[in-house]
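A short worksheet on the structure shown next.
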Amino acid sequence: MVSPARLTVLSGPSGVGKGTVVAEVRRLFPHVWVSVSCTTRRPRQGEADGVQYHFVSEAQFDELIATDRLLEYATFAGNRYGTPRRPVEQHLAAGRPTLLEIELQGARQVRQRMPEAQFVFLAPPSEGELRDRLTGRGTETDDMIEARLTRARDELEAHDEFDVVVINDDVERAAAEVVSLLSAAMA
Ligand code: 5GP
């Protein structure tokens with residue numbers, strides 16, 4: 001009989017480097033299962049359906065909500081994002097430490113539905129650093145960067161809602177800290 005694993009939710013402002021830290025977490029700890037979200041955003045260069053995201057239409061997203069197939073969902077900078085519920089439940093039941101990388105509104109919904117989950121906030125070393133990263137990414141228009149920065153400021157203020165704050169001053173160090181939290185959560 002496998003004991004269920006614990007869910008860890010990693011949140012933090014856009015541009016803080018969640019994706020990079022999660023990639024490093026996977027490398028250090030291949031046993032982790034990372035949820036693949038659904039989104040109405042168009043794929044970026046190099047993104048493939050079913051890998052970074054399940055890319056869906058607005059109508060498909062409506063249907064996912066209507067049939068209660070999302071654990072949480074939110075609108076972010078004009079696009080919708082949500083976590084498919086069943087795969088999360090299945091991997092937890094099978095004993096796989098499970099990681100969600102989502103924004104703040106979604107993290108709050110998971111807190112409501114699964115209060116036993118562990119909530120981790122990834123913070124930038126400074127707000128200036130965050131702006132540089134959002135600008136330097138080169139994938140967004142100026143308006144989109146402004147929308148993401150405005151949202152990022154709100155999100156930064158929410159760090160005290162989380163169980164643990166991890167500062168992303170160094171990707172490998174931050175990832176190792178997240179891995180230790182994932183492993184600790186298995187006990
Ligand atoms: P991006 O467009 O840069 O891939 O993601 C934008 C934001 O959406 C990021 O902060 C990311 O963490 C968040 N996000 C990705 N998937 C989900 C999801 O399933 N639910 C929620 N609430 N946010 C998500």
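Atoms within a ligand are numbered from 1 in the order they appear, just like the ligands themselves. Below, each value reflects all heavy atoms present in this structure, side chains not excepted, and no hydrogens, waters or symmetry copies.
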So does [X] pair up with [Y], basic N to acidic O under 4.0 Å?
{"X": "E177", "Y": "R173", "answer": "yes"}
{"X": "E72", "Y": "R108", "answer": "no"}
{"X": "E161", "Y": "R111", "answer": "no"}

- Sequence neighbours excluded - ring pair (Phe, Tyr, Trp, His ring centres under 6.0 Å) pairs with any residue from residues 95-114: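 Not a single pair qualifies under ring pair (Phe, Tyr, Trp, His ring centres under 6.0 Å).
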
- Query: Going by the ring pair (Phe, Tyr, Trp, His ring centres under 6.0 Å) test, which pairs reach into residues 105-154, not counting sequence neighbours?
  - Reply: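 Ring pair (Phe, Tyr, Trp, His ring centres under 6.0 Å) check on residues 105-154 returns F121-F162.
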
- Check each protein residue for a heavy atom under 4.0 Å from ligand 1 and list those that pass, ordered by chain and number.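 Protein residues near ligand 1 are K18, S37, R41, R44, Y53, E72, A74, F76, Y81, G82, T83, E101, I102, E103, G106, R148.
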
- Item | Those residues that, when tested against E47, pass side-chain contact (heavy atoms from CB on, under 4.5 Å) (two or more places apart) |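 Scan of E47 (side-chain contact (heavy atoms from CB on, under 4.5 Å), adjacent residues dropped) gives R41, P43, R44, Q52, Y53, F55.
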
